[in-house]
Amino acid sequence: MAETDYDVVVVGAGAGGGTMARVLGEQGIKVALLEAGPMIDPQKDFKTHKWPYDYGHRTAERGGQAYFGNGTAYGFFTTVSGGWQIDGEPYTSAPGTKFDWFRSRVVGGRTNHYGRMSFRFSDLDFKPYSRDGIGWDWPISYEDVAPWYDRAEEYIGVTGTVEGIRSAPDGKFHDPPEPKVHERLMRAAGKRLGVPFIANRRAVITRSINGRLPCHYCGQCGRGCLTASNYSASQVDVFPAMKTGNVEVITEAMAREVEVNESGLASGVIYVDKAERREKRVRARAVVLAASACETARLMLNSNSKHFPDGIANGSGLVGRYLMDTVGFSLRGTLPALENLPRYDTDGFGGAHLYAPWWLWDDHHKLDFPRGYHIEMGGGFRMPGPGSFSSLARATGYGAQLKQKIREQYGTGIGLSGRGEMIPNNQSYMDIDPAVVDRWGIPVPRFHFSFSDYEWKQARHMERTFRDLIEAAGGKVLGIGNMARESQGIAVPGSIIHEVGTARMGDNPGSSVLNKYCQAHEVRNLFVADGATFVSNPDKNPTLTINALSWRTAEYLSEELRKGNV
Amino acid sequence: MSSKQGFVSIEALSRRDALRRIALAVTAAGLGRGIAPADAAEVHQQVNQERTFRGEYEVKYFNEREFRTLERLSELIVPADEGGPSGREGGAPEFIDLLSSQNEELAGIFTGGILWLDNASNHRYGKRFAEADEELQTAMLDSLVAAEREDRGDDTRWDTREYGRFSVFGVRTPSDMRSGLVFFDWARRLIVDAYYTSPAGIKDLGFVGNASHTEYKVPRESIDYAKGRSPFRDA
């Protein structure tokens, strides 16, 4: 077995691992960064500014696979490497469970295409149990994390406006672009109903920082940005980390096990070199897992030794437990006020320019569910693609009136999506399927998942609110968005891709896996720097908090290495 | 199963001829036979579009009868009007041919569907679809739409109906329009998609994005238009 030595080995080159490698590398610490996929080359891999007609298949992909539900997840233009299923790398679900697991195997991971919503958790979010007696408190408070949010936001670049809303703490913002027409209508509707729409907070820069150009408003963040005007771990963390000269990225490296030495400390990581299909070892003084919540838990559960027969650092038995996703619900409608609207460029900075933070945070005693949600929005004159007008064509028939109808209705659609907090529960977890290994010989995760009444009632509140908003704007509700995935009126677990919580932090080693620095209670040189660390899953998209906590853990680890404690 | 037919559409040939004539005229211009610059620009623009959509395209899957039927359907389903050209100009026949050459399931929908259409047309009019008069062709499409409405009601979603997937395609009796609905739905879907993803269709829609701006601005005219038509006109 080939062996190499570093100060730290980091598993996973996404938001958490990228931040970790960059911060450590900048401090002169020698890092091996393992990535299960290939290196990314923006010039080659990003389809920025392309048109559908640049391709014979018009983005329907070879043989029109997109029409058959077999196209690239989120569309041909999107930069992903992986998806809901990966050939030869299955995952399983317990009977009665439906769970969708999105994996992106490439440097930068899912941050190459993600929505870039960047919301701070609030003081309420870090201490939910203290407030309503449900779930668990984090071992850290908003005050502990705020300085790290500051640093992460200043480095990444996040838009927004200072609003003073307790459930949505303000940050270090870049100026946001002005709202689009349909967003102004929804804001007016929200005003009538008491739902506040404010400037969206997205990881996009509108002034130049760190040699990155400001946004040019092509609206194509999901394709990857050639000017790095948005945050992606690849361009903003991993590339700068490599430039320090202290970080070596090892691609096509599928981690299978954390190795443990005689004294029960981590000694390195064994991975499968995918090109050679053989095992290799990276030895290091410390190991940081940032492979995404479920890959990290899988790796820990698969790391069995005489010290840790049930998985490394799993004395509590909580590795894999309390898996959470976001409660997702969407409603679509049309706004007749927008028919034949004078055309303008609605691309903007790649997502909605407004969103509604949770506004009833002080009114839970009047509601039948304990936690909140925020509202995201879609609409505008979008670049046409396969299926853009299929429903309209069906409703109209064919011929001259079809063309007329499409001109009239183009851009009148509105979509509202709720993103709500799920309460961690005993029925939602992942373990290792005893009967299945992947093509690399690694046992695979098995998912168990169940929403409780807390989530169902919250989703019904979303449904009522979205209907009221659309109707207040004079619109017509078209039905639940994407029926296939939301057939029960709540998005399929995992499908919002906010899965977190499989190796949670806490002060008590009996009821948590990690301490408040995301350091394993039982293995002092083992750290976690992804969403696995989350104690709860507030209605805030997790990436910014992963960045902030990883940065905080990196500084702590650096200090512990310097002191010789690790 | 893909078969190389090795012919190009008539329209493409005529445009190529136009290019040749222009090329001759430009050469001849030196001899005193001029050509209006606007005409030259027009043809050059046509030729550019042709390059993208038609000119260089060699039909890969369908035979001439099938391809001609697709061309006619593309003209009827998305007809030329004051806002833009037809689905045929948008490259719909080529789009369907390319995808069909790569996907047998899709190819079967179209080859079977065109046979059904010709059979139904023969029964009704004594002529194959592409050879029938426009009046008869639109009468046939009107029948298909009527059958579709009867079958589908107001449900226009793609993924909630069984025949969203190719599973119930088949010729029952030519007089029963329902047999042709899967094919008609696919043909319309792909023709509409091809047109609106072509430069002409994008222009028709008025999509002005995929651009680069130093600052993002929303025009007052658009804001006022929508507000004036909304419940918030006084807000």
Side-chain angles (χ1 to χ4, degrees), chain A residues 49 51-53 56-60 62-65 67-68 177-182 184-185 188 191 216-220 335-338 341-349 381 383-391 393-395 397-400 402-403 406-407 410 472-474 483-484, chain B residues 52-53 76-79 81 83-84 91 94-95 98-99 102-103 105-106 138 141-142 145 148 152 154 156-160 165 185 188-190 192-194 196-199 201-202 204-214 216-219 221-223 225-227 229-232 235:
Chain A
H49 302 155
W51 293 95
Y53 56 75
H57 57 61
R58 309 291 181 90
T59 75
R62 187 177 165 78
Q65 282 310 307
Y67 292 119
F68 294 85
E178 68 168 312
K180 304 169 203 175
V181 173
H182 61 279
R184 288 166 195 260
L185 295 186
K191 205 166 177 184
H216 56 272
Y217 307 107
C218 77
Q220 299 169 11
L335 300 180
L338 300 175
L341 180 70
R343 304 305 199 235
Y344 71 103
D345 189 343
T346 64
D347 287 349
F349 76 165
F381 300 113
M383 183 186 281
S388 290
F389 305 107
S390 294
S391 292
R394 275 187 174 152
Y398 77 99
L402 183 153
K403 269 183 126 176
I406 287 174
R407 272 176 213 132
Y410 179 46
M483 290 292 286
Chain B
T52 314
F53 300 103
L76 291 166
I77 289 176
V78 179
D81 66 0
E94 290 81 356
F95 174 61
L98 176 71
L99 299 191
Q102 300 165 339
N103 182 336
E105 188 179 2
L106 194 63
T138 54
L141 296 184
D142 288 341
V145 169
E148 182 180 43
R152 190 187 280 278
D154 288 335
T156 57
R157 285 172 303 213
W158 177 254
D159 53 0
T160 56
R165 285 299 300 266
D185 203 30
R188 178 177 55 198
R189 183 177 170 87
L190 267 56
V192 164
D193 283 351
Y196 288 106
T197 57
S198 75
I202 287 167
D204 184 339
L205 288 171
F207 174 80
V208 290
N210 197 15
S212 178
H213 309 281
T214 50
Y216 183 77
K217 280 289 182 200
V218 179
E221 181 200 6
S222 299
I223 296 170
Y225 175 92
K227 204 175 153 192
R229 292 164 51 90
S230 79
F232 318 116

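Note: hydrogens, waters and symmetry copies are ignored here, and every other heavy atom, side chains too, is used. Naming convention: chains lettered A, B, ... in sequence-line order (proteins, then strands); numbering from 1 in each chain. None of the values given here were measured: they were computed from a predicted structure.
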What part of [X] is in contact with chain B, defined as an atom under 4.5 angstrom from a non-hydrogen atom: side chain, backbone, both or neither?
X: A:Y410; value: side chain
X: A:R62; value: both
X: A:E178; value: both

Can you say whether [X] sits under 4.5 Å from chain A via the side chain, the backbone, both, or neither, judging by heavy atoms?
X: B:V145; answer: side chain
X: B:S212; answer: both
X: B:L98; answer: side chain

Quick one: does [X]'s side chain get under 4.5 Å of [Y]'s, heavy atoms only?
X: A:R58; Y: B:L190; result: no
X: A:Y53; Y: B:I202; result: yes
X: B:L205; Y: A:F381; result: no
X: B:Q102; Y: A:Q65; result: no
X: A:L402; Y: B:V192; result: yes

Problem set entry | Between B:E221, B:K217, B:H213, the one whose heavy-atom pairs under 4.5 Å with chain A are most numerous | B:H213
Cut-off 3.5 Å, side chains only: do [X] and [Y] have a donor facing an acceptor?
X: B:N210; Y: A:H49; answer: no
X: A:Y67; Y: B:D193; answer: yes
X: B:D142; Y: A:Y398; answer: yes

Exercise. What about the rings of A:F389 and B:Y196, do their centers lie closer together than 6.0 Å?
Worked result: yes
Could you report the tightest heavy-atom contact between [X] and [Y], atom names first, then the distance?
X: A:A400; Y: B:P79; answer: N-CG, 3.4 Å
X: B:F95; Y: A:H57; answer: CE1-O, 3.2 Å
X: A:A60; Y: B:L99; answer: CB-CD1, 4.4 Å
X: A:A337; Y: B:Y225; answer: O-CE2, 3.8 Å
X: B:S222; Y: A:P342; answer: OG-O, 2.8 Å
X: B:L106; Y: A:G63; answer: CD2-O, 4.1 Å

For this session: Any chance you could lay out the side chain to side chain contact (heavy atoms under 4.5 Å, CB included) test for B:F207 and A:M383, step after step, and finish with the verdict?
Result: CA-CA 7 Å; B:F207 174 80; A:M383 183 186 281; 3.7 Å; yes
For chain B, the option from [options] that forms the most heavy-atom pairs under 4.5 Å:
options: A:P384, A:G474, A:C218; result: A:P384
options: A:G219, A:P386, A:S388; result: A:P386
options: A:T59, A:T346, A:V181, A:L335; result: A:V181

Exercise. Between B:R229 and A:P336, is there a donor-acceptor pair closer than 3.5 Å when you use the side chain of the first and the backbone of the second?
Worked result: yes
For this session: Taking A:K403 for its side chain and B:D204 for its backbone only, find out whether a donor-acceptor pair lies under 3.5 Å.
Result: no
Exercise. Out of curiosity, B:E148 CD to A:R394 CZ, how far, rounded to the nearest 0.5 Å?
Worked result: 7.0 Å
Exercise. Should the pair B:Y216 and A:Y217 be assigned to parallel (<30°), tilted (30 to 60°) or perpendicular (>60°) ring geometry?
Worked result: tilted
